[in-house]
Amino acid sequence: DTAVSQTPKYLVTQMGNDKSIKCEQNLGHDTMYWYKQDSKKFLKIMFSYNNKELIINETVPNRFSPKSPDKAHLNLHINSLELGDSAVYFCASSRDSSSYNEQFFGPGTRLTVL
Amino acid sequence: GENVEQHPSTLSVQEGDSAVIKCTYSDSASNYFPWYKQELGKRPQLIIDIRSNVGEKKDQRIAVTLNKTAKHFSLHITETQPEDSAVYFCGSGATNKLIFGTGTLLAVQP
């Protein structure tokens, strides 16, 4: 069984569109994350949720809005997509919000904005 | 703000040689230092970690050392193999925030 899953795996869209990426974990973890990995491979935290509550919100444009309907799901909605949003987006989860816990990553979603 | 510097950004070694990747952190409160490996096109995965009350930890061919005074920690891979080729990320964790380094692309030449 896949521990952390994301859909879609690939997403190609035009500038200005709105798109969503979904993430689900079946590990029973309390904490979930969204990371952005750009072309230089930098792995940057965007958001973190613990039990559906936002606990980390890095400097991310308002066009990005995470939503956690329950602690097993953390979706990412992006409005008015820009060229610079092209990247691989990774979802991750950990047992709780302590930084000591291993983070389990999803397979990534490669977003290409044309 | 807190940051983690990682060097080198790319590293090429011959199979069988050793590889060392170094990280420096700025947050004095950091006390957890994991290393993640990301193979090409795959997800990052934890390979080893160390806490601040330990100076060194080893797991088969990989080891991590920590110098808390200097705020340095390093990943050592001995007897490198082609399957070690990947991007490696160090991390620095304090309380409930983990910051990743900028990554090192390791290429092991057969």
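Labels below follow one simple rule: chain letters A, B, ... track the order of the sequence lines, proteins then strands, and each chain is numbered from 1.
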Just by distance, which donor-acceptor pairs between chain B and chain A come in under 3.5 Å?
{"from": "B:Asn31", "atom 1": "OD1", "to": "A:Tyr100", "atom 2": "OH", "distance (Å)": "3.0"}
{"from": "B:Asn31", "atom 1": "ND2", "to": "A:Tyr100", "atom 2": "OH", "distance (Å)": "2.7"}
{"from": "B:Tyr32", "atom 1": "OH", "to": "A:Tyr100", "atom 2": "O", "distance (Å)": "3.4"}
{"from": "B:Tyr36", "atom 1": "OH", "to": "A:Gln103", "atom 2": "N", "distance (Å)": "2.8"}
{"from": "B:Gln38", "atom 1": "OE1", "to": "A:Gln37", "atom 2": "NE2", "distance (Å)": "2.8"}
{"from": "B:Gln38", "atom 1": "NE2", "to": "A:Gln37", "atom 2": "OE1", "distance (Å)": "3.0"}
{"from": "B:Arg43", "atom 1": "NH1", "to": "A:Phe105", "atom 2": "O", "distance (Å)": "2.9"}
{"from": "B:Ala94", "atom 1": "N", "to": "A:Ser99", "atom 2": "OG", "distance (Å)": "3.4"}
{"from": "B:Thr95", "atom 1": "O", "to": "A:Ser99", "atom 2": "N", "distance (Å)": "2.8"}
{"from": "B:Thr95", "atom 1": "O", "to": "A:Ser99", "atom 2": "OG", "distance (Å)": "3.1"}
{"from": "B:Lys97", "atom 1": "NZ", "to": "A:Glu58", "atom 2": "OE2", "distance (Å)": "3.0"}

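- The neighbour count for B:Lys22 NZ, taken as heavy atoms of other residues, nucleotides or ligands under 6.0 Å away, does not exceed 12.
- Connection of A:Ile56 to A:Ile21 is not established within any shared hydrophobic cluster, with ILVMFWY side chains joined at heavy-atom distances below 4.5 Å, either directly or through further cluster members.
- Within the 4.5 angstrom heavy-atom criterion, no atom of B:Pro34 approaches chain A.
- Within a 6.0 Å radius of CD in B:Glu83, more than 12 heavy atoms belonging to other residues, nucleotides or ligands are found.
- Sorted by first then second residue, the disulfide (SG to SG under 2.5 Å) pairs that include residues 5-110 of chain B, not counting sequence neighbours, are B:Cys23-B:Cys90.
- The side-chain hydrogen bond (donor to acceptor under 3.5 Å, both in side chains) check on B:Gln81 picks up nothing, with sequence neighbours excluded.
- The 12-atom threshold is exceeded at CG of A:Leu83, counting heavy atoms of other residues, nucleotides or ligands nearer than 6.0 Å.
- Atom-to-atom distance recorded for A:Leu43:CG and B:Phe89:CZ is 5.0 Å, nearest 0.5 angstrom.
- Among pairs with a residue in residues 84-114 of chain A, those fulfilling disulfide (SG to SG under 2.5 Å) read A:Cys23-A:Cys91, at least two apart in sequence or across chains.
- Heavy-atom minimum distance, A:Phe105 versus B:Pro44: CD1-O, 3.4 Å.
- Contact count versus chain B (heavy atoms, under 4.5 Å) is highest, among A:Gly108, A:Ala92, A:Pro107, for A:Pro107.
- Residue B:Val87 is not grouped with residue B:Leu106 when hydrophobic side chains (ILVMFWY) are merged at heavy-atom distances under 4.5 angstrom, including chains of intermediate members.
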